[in-house]
Amino acid sequence: MQHSQYLIIGAGISGLSMARMLHEQSKDYLLLEKSDRPGGLVKCDVIDGHLFHRVGGHVFNTKIPAVKDWFWAHFNREEEFLQTERQAGIRMDEKTIGYPIENYLYMLPEELIRSIFGELATLSANGKKDPMSYDNFEAFLRGNFGDTLYKLYFEPFNRKIWQTDLSTIALPWLEGKLPMPDYKEIILSNVLRKEEKNMVHSRFFYPRKNGSQFIANRLAEGLKLITGVEADSIEHKESRWIVNSAYSADVLIFTGDLRRLAEIMKNNSGSLQSQLEGVQSLKSHGTSTLLCETDTTPLSWLYLPNSNTPAHRIIFTGNFSPKNNPPEGRRSCTVEFSGNTSVKEMRNALKKLPFNLNHVADNYEPNSYVIQRNGDRERIAALKSSLAKQHFYLVGRFAEWEYHNMDKAMESGMVLLGDGVRG
Ligand SMILES: Cc1cc2nc3c(=O)[nH]c(=O)nc-3n(C[C@H](O)[C@H](O)[C@H](O)COP(=O)(O)OP(=O)(O)OC[C@H]3O[C@@H](n4cnc5c(N)ncnc54)[C@H](O)[C@@H]3O)c2cc1C
């Protein structure tokens, strides 16, 4: 049996960041990963010279000071990264309009502009209500942006992404990710026709080569990492955690899918087992992606709310770094579809999309988006608290069931290792 003080399961960004922190503190740890390489959702491949973000197109940005300092202590910002400005658009019928939509209403037909501004004026005149005081995601969008904008853009786009009734989505969970209405800004942007610059990801960092796989590989350098091992049995015996009857640890950190724990964890107390079973029905869905060649465009993201296509977004990853494209030939992009979309359906969808897209490769990732419904957070918090009493910690997008970006995944690891676990 191989013993370490800390055993981390999963070498996505969460597991890699925590292992890196422990490594640099000279702690005794081991990192296990079921896949043949680290990265999890941020994995990339190079196919015929095109960089393929297997799940979406990952860029780096953070407003969390501690994460910013930690991240840039591990990367050379000037030499290893490019800083790029976001150029996002929304495809409405045959026309591309600016993003975020509320600042580009002047690009819509007159009758829609009249209807949307009429509703925004009423909402604004009704006085300032806390934008987060609504019961669910649908109520938030309707209450803050009006019914016309909701039906035209927010509803069709978000329904494609989340594949669920927006009124069942809990609001606190999306905090920090939501478009916040600023009526003065909306009026000014539409009158002055100037771009809004202060959005999340309005500027972002991107590795010069190898995309987000570069970030994973750098974090993994020199770590005690064993790949190709899936933790499929976890047991607590004599104050130690035993994994696959081969590894033991005083502290166990799990970054995989918490719904699987009811099956993986053996000999649990009755109350723990019922807590584990209580999270088995959490809802998630996956992402299908098509790597394509594309005509040249200045866009970085194109959002696709239209119901005439099952795709919801094109990410022009070829514009993020020149190295993402073959030396000669067309540029690269990734077309995203929610859920398990067949290659045939994805290829068919290309016919209705702009820029003469041509299929190069494809992928389906069953677990990409977590969905939190009312009550989920409380159940997960109770489970986390029970496990923590036995030095078992849940960290990461699917372990905490949070809509974490890479920076939040890093922060979560930092908080645990700084506050929760003492070696
Ligand atoms: C479409 C899309 C686009 C995104 N874009 C961005 C972006 O632009 N910028 C950004 O910052 N974030 C982005 N994100 C979020 C980002 O992907 C996540 O924050 C981050 O990858 C989460 O890392 P993680 O380690 O928590 O989870 P994961 O990446 O899921 O890693 C978990 C790891 O654990 C392993 N594992 C699971 N179970 C076991 C087991 N039993 N035994 C052994 N190993 C196991 C898995 O193989 C995996 O490697 C995006 C996400 C999606 C879905």
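Remember, it's a predicted structure, so these values are computed and weren't measured experimentally. Every number for a ligand or one of its atoms is a count from 1 in the order of the listing.
Taking the centre and axis of the six-membered ring of F214, the NZ or CZ atom of R208 falls outside the cone set by 45° and 6.0 Å. For the pair R86 and W301, the cation-pi criterion (under 6.0 Å, within 45° of the ring axis) is fulfilled.
A salt bridge links R159 with E155; the closest basic N to acidic carboxylate O contact falls under 4.0 Å. Using a cut-off of 4.0 Å between Lys/Arg side-chain N and Asp/Glu carboxylate O, R260 and D257 are scored as not salt-bridged.
Which parts of ligand 1 touch E336 is read off a 4.0 Å heavy-atom cut-off, strictly below it: atoms 1 (C). Within ligand 1, counting atoms from 1 as listed, the ones closer than 4.0 Å to a heavy atom of G57 are 8 (O). Close approach of ligand 1 to H404 is summarised as follows: ligand atoms under 4.0 Å from at least one heavy atom of the residue are 15 (C), 18 (C), 19 (O). Shown in contact with A231 at under 4.0 Å from a heavy atom are these atoms of ligand 1, numbered in order with element: 40 (C), 41 (N), 42 (N), 43 (C). Heavy-atom contacts of V42 reach the following atoms of ligand 1: 21 (O) (cutoff under 4.0 Å). Residue-ligand proximity, T255 to ligand 1, at heavy-atom distances under 4.0 Å covers atoms 32 (C), 34 (O). Using a 4.0 Å cut-off to heavy atoms of G256, the atoms of ligand 1 that qualify are 37 (C), 38 (N). Set against the non-hydrogen atoms of G396, the atoms of ligand 1 under 4.0 Å away are 26 (O).
F75 and W72 have perpendicular rings, their planes meeting at more than 60° on a 0 to 90° scale where under 30° would count as parallel. Using cut-offs of 30° and 60° for the angle between ring planes, the F157 and H312 rings count as perpendicular.
Closest to atom 9 (N) of ligand 1 by heavy atom, among I13, V59, N405, is V59. For the residues H53, M406, M410, the heavy atom positioned nearest atom 10 (C) of ligand 1 is part of M406. The closest non-hydrogen atom to atom 5 (N) of ligand 1, taken over E400, H285, H58, comes from H58.
Proximity of N367 to ligand 1 is not established, as no heavy-atom distance is less than 4.0 Å.
Counting heavy atoms under 4.0 Å from ligand 1, residue V395 does not touch it at all. Contact annotation: for F60 versus ligand 1, there are no heavy atoms closer than 4.0 Å. For I9, every heavy-atom contact with ligand 1 shorter than 4.0 Å involves the side chain, none the backbone. Under 4.0 Å from ligand 1, not a single heavy atom of K408 appears.
At least one N or O atom of E33 sits closer than 3.5 Å to an N or O atom of ligand 1. Considering backbone and side-chain N/O of R397, one or more are found under 3.5 Å from N/O of ligand 1. The shortest N or O to N or O distance between D257 and ligand 1 is not below 3.5 Å.
When the shell of 6.0 Å around NZ of K266 is examined, it contains more than 12 heavy atoms from other residues, nucleotides or ligands.
Closest approach of N306 and D93 over heavy atoms only: ND2-N, 2.9 Å. Of all heavy-atom pairs spanning H53 and T334, the tightest one is O-CG2, 4.2 Å.
Between the side chains of R77 and Q83, no donor N or O sits under 3.5 Å from an acceptor N or O.
Taking CG from L225 and NE2 from H23, the interatomic distance works out to 11.5 Å, rounded to the nearest 0.5 Å.
Considering F60, F81, F320 in turn, F320 is the only one that fulfils the ring-ring contact (aromatic ring centres under 6.0 Å, His included) rule with F204.
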